[in-house]
Amino acid sequence: MAAQKNFEVDQNTTFTFEVQYLDEDQTPIQLHNHTAKLQVRDTQGGKKLAFTLTEQDGLTISSVEGKIKISISADRTNKMFFPKSAYDLVLVDPSVNKTRLLEGYMTLNRAVTV
């Protein structure tokens, strides 16, 4: 089961956070040859996609430490749904097994200056 974490995100600003994948002994799980994808939608299972992040544009995987850094650019936070968007972060291992690491909602704090 995925961990649950909700965030407050300021519209039209860069939003960054980090996730570490640990085993039951709190030891980092090495992520060699893993890929990751994060999607933000209007609701869980929703048809409206705000954006997708991969290693090419916003996700950085630190293999040995088991960490994934997520950086959502200002132009993407500007595309998020108001008042909140659903998201999840999925990790794919070399055998193409998928693990949903994190999920929740991102509440959007609207900007005056866009």
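Given the structure is predicted, the values throughout are model-derived calculations rather than measurements. This chain uses plain numbering: 1 for the first residue, then up along the sequence.
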Would the distance check show the side chain of Arg100 and the main-chain N or O of Ala2 forming a donor-acceptor pair, the cut-off being under 3.5 Å? no
With a 4.0 Å cut-off on N to O distance, would you call Lys67 and Glu18 a salt bridge? yes
Assess Lys84 against Phe82: is NZ or CZ under 6.0 Å from the centre of the six-membered ring, and within 45 degrees of the ring's axis? no
From CA spacing to verdict: side chain to side chain contact (heavy atoms under 4.5 Å, CB included), Thr99, Asp93: CA-CA 8 Å; Thr99 302; Asp93 72 17; over 6 Å; no
If you measure from OH on Tyr21 to CD1 on Ile61, what distance do you get to the nearest 0.5 Å? 12.5 Å
Between Gln30 and Ser63, do the side chains contain an N or O donor and an N or O acceptor separated by less than 3.5 Å? no
Nearest-0.5 Å distance, OG1 of residue Thr107 to CG of residue Asp10: 11.5 Å
Side-chain donor or acceptor of Asp23 paired with backbone N/O of Asp25 under 3.5 Å: yes
Min side-chain heavy-atom separation Gln20-Pro28 under 4.5 Å: yes
Please assess Asn109 against Gln11 for the test side chain to side chain contact (heavy atoms under 4.5 Å, CB included), listing each intermediate value before the final yes or no. CA-CA 6 Å; Asn109 296 319; Gln11 183 182 27; over 6 Å; no
Backbone N or O of Tyr105 within a donor-acceptor pair of the Asn6 side chain at under 3.5 Å? yes
Ala86 versus Gln44, closest heavy-atom pair with distance: CB-N, 3.4 Å
Atom CG of Asp42 and atom CZ of Phe81: how far apart are they, to the nearest 0.5 Å? 5.0 Å
Verdict with supporting geometry, Gln4 and Leu102, side chain to side chain contact (heavy atoms under 4.5 Å, CB included): CA-CA 6 Å; Gln4 304 261 328; Leu102 190 63; over 6 Å; no
Nearest heavy-atom contact between His32 and His34 is O-ND1, 2.9 Å
Thr54 side-chain N/O to Gln56 backbone N/O, donor-acceptor pair under 3.5 Å: yes
Are Leu59 and Leu91 connected into the same hydrophobic cluster when the rule is that any two of I, L, V, M, F, W, Y join if their side-chain heavy atoms are below 4.5 Å apart? yes
State, to 0.1 Å, how close Glu55 and Thr35 come at their nearest heavy-atom pair, and which atoms those are. OE2-CA, 2.8 Å
I need the Thr52 OG1 to Arg76 CZ distance, nearest 0.5 Å. 8.5 Å
Under a 4.0 Å N-O cut-off, is there an ion pair linking Lys5 with Asp88? no
Within a strict 4.5 Å, meaning less than it, do heavy atoms of the Leu53 and Lys37 side chains meet? no
Heavy-atom check, side chain of Leu89 versus side chain of Glu103, under 4.5 Å: no
Between Ser73 and Asp75, do the side chains contain a donor N or O and an acceptor N or O under 3.5 Å apart? yes
So, do Thr43 and Lys48 sit near enough that their side-chain heavy atoms are less than 4.5 Å apart? no
How close do Ser71 and Thr14 get, heavy atom to heavy atom, and via which atoms? OG-CG2, 3.8 Å
Result of checking Ile72, Asp57, Thr77 against Phe51 for side-chain contact (heavy atoms from CB on, under 4.5 Å): Ile72
What's the spacing between Leu49 CG and Lys79 NZ if we round to 0.5 Å? 9.5 Å
Between Phe7 and Val90, is there a shared hydrophobic cluster once you connect ILVMFWY residues whose side-chain heavy atoms come closer than 4.5 Å? no
What I'd like to find out is whether the side chain of Ile68 reaches to under 4.5 Å of the side chain of Leu38, using heavy atoms alone. no
Anything under 30° is parallel, anything over 60° is perpendicular, the rest tilted; go ahead and classify Tyr87 against Phe17. perpendicular
Can you hop from Leu108 to Ile70 via hydrophobic side chains spaced under 4.5 Å? yes
